[in-house]
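Single-structure report; data block below.
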Protein chains: 2
Amino acid sequence: MTVTDSAAQQRLIDALVTMSFTTMAVLNRISADHDLSLTQFRVLAILRDRRVKMSELADYLGLDKSTISGLVDRAEKRGLLRRAANPADGRAVDVFLSPAGSELAEYGAALVAQSLAPMLSGSSTADARRLTTLLERILASAPSLPDSDAQ
Amino acid sequence: MTVTDSAAQQRLIDALVTMSFTTMAVLNRISADHDLSLTQFRVLAILRDRRVKMSELADYLGLDKSTISGLVDRAEKRGLLRRAANPADGRAVDVFLSPAGSELAEYGAALVAQSLAPMLSGSSTADARRLTTLLERILASAPSLPDSDAQ
DNA sequence: TATTGTTATACTCTATAACTATA
DNA sequence: TATAGTTATAGAGTATAACAATA
């Protein structure tokens, strides 16, 4: 996109930002419905297919390690996840989902799909495919952000 | 999109969610760089071209009125916005940007455009136009959420 | 009576700084 | 020395409940 397209570019940016707020509002509502903050919900999503160290969780979320301690404390107290010593590094602590956490994570992922589907149901299959391709192309070239693989 | 396209639909949802997190991370970073929470940043964006009542601000953001009181308190103390009695309703309080708040809001909007532009610069003009159209079409049919017109 | 806004309260989220234990 | 994690602390964000003022 060239510099002369500034009006068109601004329009794209507006659409992207509005779409992002709309999507985040849906994720926020789903989280709140289950007494989770969006961050807690993201933790569940991240741990759905991974067992990670506290420090890795901090990296995924782009948050300070002390924040992660509190976050994991509360989720552990609720029985959603567990800590365990890392076998390879005596300083490190692994985090992973409990069965209850795993169940909630799966349910949450399904809810996200269900909640966003209506918004997309107006698009034709061809348009949906086109949109997917365009978004994926942008994401592939974007500098990977802390949270780019949550969900 | 038909029910048989569930894999394709899930892929679109994943792309949309990832893109949303990426966009929000950018907005969060810009906010933090100016000692604003994302919510404060949104307040500035909302008030950029509007003078609203406290209750309307609550509606825009989807937050409780008591939350708005605190939010406005802090921003007012920082000199970014001001309260005034609503001339038409003795119970209501109007909120609007101070000159400093207005300046920061304009600067912030420009920063958002600048920060998101690189991510989009890899797309051709035709692709950008196509993406804009697809997003706008979805947003037009989406039930308008509390925050859909921030920014 | 209903609505608008504020205040008190409580909890979560977040970062900084100081600390312990391990590498 | 550097890294991993926890704890103490402080401030912001958020909602609920109770309240005063106005419609």
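By convention in this document, chain letters (A, B, ...) are assigned in the order of the sequence lines, proteins followed by strands, and residues within each chain are numbered from 1.
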Nearest to the side chain of [X], which nucleotide is it out of [options]?
| X | options | result |
| --- | --- | --- |
| A:Val93 | D:dG5, C:dT4, C:dC13 | D:dG5 |
| B:Asp64 | D:dT6, D:dT16, C:dG5 | D:dT16 |
| A:Lys53 | D:dG5, D:dG13, C:dG5 | D:dG5 |
| B:Ala92 | C:dT4, D:dA4, D:dT7 | C:dT4 |
| B:Asp89 | C:dT14, D:dA23, C:dG5 | D:dA23 |
| B:Gln40 | D:dG5, D:dT6, D:dG13 | D:dG13 |

Under a 4.5 Å cut-off applied to non-hydrogen side-chain atoms, are [X] and [Y] in contact?
| X | Y | answer |
| --- | --- | --- |
| B:Arg29 | B:Ser115 | yes |
| B:Glu56 | B:Arg50 | no |
| A:Leu71 | A:Leu57 | no |

Ignoring hydrogens and angles, are the base of D:dT16 and the side chain of B:Ser66 linked by a donor-acceptor pair under 3.5 Å? yes
Please confirm whether the shortest side-chain N or O distance from [X] to OP1 or OP2 of [N] is below 4.0 Å.
| X | N | answer |
| --- | --- | --- |
| A:Arg74 | C:dC13 | yes |
| B:Thr67 | D:dT14 | no |
| B:Arg91 | C:dT6 | no |
| A:Ser37 | C:dC13 | yes |

Nearest-Å distance, [atom1] ([X]) to [atom2] ([N])?
| X | N | atom1 | atom2 | answer |
| --- | --- | --- | --- | --- |
| B:Asp73 | C:dT7 | CG | P | 6 Å |
| B:Lys65 | D:dA17 | NZ | C1' | 10 Å |
| A:Leu61 | D:dG5 | CG | C1' | 16 Å |
| A:Arg29 | D:dA15 | CZ | P | 15 Å |
| B:Phe41 | D:dA12 | CZ | C1' | 18 Å |
| A:Leu63 | D:dG5 | CG | C1' | 15 Å |
| B:Asn86 | D:dA21 | CG | P | 19 Å |
| B:Ile68 | C:dT3 | CD1 | C1' | 16 Å |

Ring-face cation of A:Arg42 near B:Phe21 (centre distance under 6.0 Å, axis angle within 45°): yes
For B:Ser55, answer base if it contacts any base atom (sugar-phosphate contacts may also be present), sugar-phosphate if it contacts only those atoms, and nothing otherwise; contact means non-hydrogen atoms under 4.0 Å. sugar-phosphate
For the residue pair B:Tyr107 and B:His34, is the inter-centroid distance of their aromatic rings smaller than 6.0 Å? yes
